[in-house]
Amino acid sequence: MDKARIAVLVSGGGTNLQALLDAQGDVITSGEITLVISNKAGAYALERARLAGVKGETVLRRECGSQEAFEDKVLSLLRENNIDMIVLAGFLSVLSERFVKEYPNRIINIHPSLIPKHCGDGFYGLKVHESVLAAGDKVTGATVHFVNEITDGGEIIFQQEVPVMEGDTPEVLQKRVMEQAEWIILPKACEQVSKKIVEESK
Ligand code: GAR
């Protein structure tokens with residue numbers, strides 16, 4: 001295999017997806033984003049995929065009837081598209097152990113805090129930054145990690161610290177964490193894992 005085929009799973013605006021698309025051919029040379037799957041209808045991330053010429057699919061849990069049926073649909077799309085690696089980039093649904101075991105060490109997630117702080121069930125999006133500010137932390141950041149059966153519990157690949165400033169709102173802090181950490185370490189981690197997949201295929 002020349003390049004690992006990457007699927008990016010999203011739920012919202014997709015700025016992390018954009019960082020990955022922009023890093024292709026630069027930071028990311030061992031992988032290619034070939035599929036974007038959203039679990040929210042009309043997510044702007046799908047528009048970003050379309051503009052980049054990447055296939056986009058929407059799978060809605062409520063239309064599938066159960067989490068199991070939802071995951072089966074996602075798994076069948078991944079198989080149909082010969083996906084080697086999955087990136088959760090602002091994907092706000094927790095995947096089951098059964099799903100995760102289909103792609104051992106091949107699913108990575110970006111989380112907007114320094115794990116083990118401010119993570120686990122219920123910590124996503126702005127809630128994470130609200131928690132950091134409520135705790136009075138002076139430093140926060142982002143973490144890219146492998147996904148296993150424990151929410152935000154898999155092996156850490158990269159972490160990047162970001163300062164918390166006097167007067168920060170959750171929105172201001174979220175933006176700083178994205179710009180100074182998430183958009184940098186996610187493409188780097190994506191390349192590291194893709195490269196290993198390509199090497200293992202030889
Ligand atoms: C990002 O900050 C990402 O780290 C976070 O959601 C945001 C999605 O933004 N993910 C989590 O909180 C996962 N627990 P994006 O759609 O613009 O990439």
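FYI, side chains are in, hydrogens and waters are out, and symmetry mates aren't considered; it's all heavy atoms of this structure. Just follow the structure's listing: the first ligand is 1, and inside any ligand the first atom is 1.
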### Option of least heavy-atom distance to atom 10 (N) of ligand 1 (set: Asn109, Ile110, Val128, Val8)
Ile110

### Query
Is there any N or O on Asp152 that sits under 3.5 Å from an N or O of ligand 1?
no

#### Entry: Side chains of Thr143 and His111, donor plus acceptor under 3.5 Å
no

### Query
Please state which protein non-hydrogen atom is closest to atom 6 (O) of ligand 1 and give its distance, to 0.1 Å?
Gly90 CA, 3.9 Å

### Heavy atom of the protein closest to atom 14 (N) of ligand 1 (residue, atom name, distance)
His111 ND1, 3.2 Å

### side-chain contact (heavy atoms from CB on, under 4.5 Å) partner of Leu9, chosen from Ile107, Ile37, Asn109, Val59
Ile37

#### Entry: Identity and separation of the nearest protein heavy atom to atom 1 (C) of ligand 1
Glu182 OE1, 3.2 Å

### Query
Just checking, is any N or O donor in the side chain of Ser96 or Glu71 under 3.5 Å from an acceptor N or O on the other one?
yes

### Query
Do NZ/NE/NH1/NH2 and the carboxylate oxygens of Asp152 and Lys117 come within less than 4.0 Å?
no

### Geometric N/O contact Thr15 with ligand 1, under 3.5 angstrom
yes

### Message
Out of all atoms in ligand 1, which are within 4.0 Å of some heavy atom of Met178? Include the element for each.
### Response
1 (C), 2 (O), 9 (O), 17 (O)

### Summary
the protein heavy atom lying closest to atom 16 (O) of ligand 1 turns out to be Gly14 N, 2.8 Å

### Message
Can you confirm whether Phe70 sits close enough to Asn39 that some side-chain heavy atom of one is under 4.5 Å from a side-chain heavy atom of the other?
### Response
yes

### Task
Starting from atom 12 (O) of ligand 1, locate the nearest protein heavy atom and write down its residue, its atom name and how far away it is, to 0.1 Å.
Gly125 N, 2.8 Å

### Task
Would you mind telling me which of Glu57, Arg5, Lys55 makes a side chain to side chain donor-acceptor pair (under 3.5 Å) with Asn81?
Lys55

### Task
Examine the side chains of His129 and Asp168 and answer whether a donor and an acceptor come within less than 3.5 Å of each other.
no

### Query
For atom 11 (C) of ligand 1, which protein heavy atom lies nearest, and how many Å away is it?
Pro112 CD, 3.6 Å

### Task
Answer yes when Glu199 and Lys196 have at least one side-chain N-carboxylate O distance shorter than 4.0 Å, and no when they do not.
no

### Ligand-residue contact atoms, ligand 1 with Phe123, heavy atoms, under 4.0 Å
14 (N)

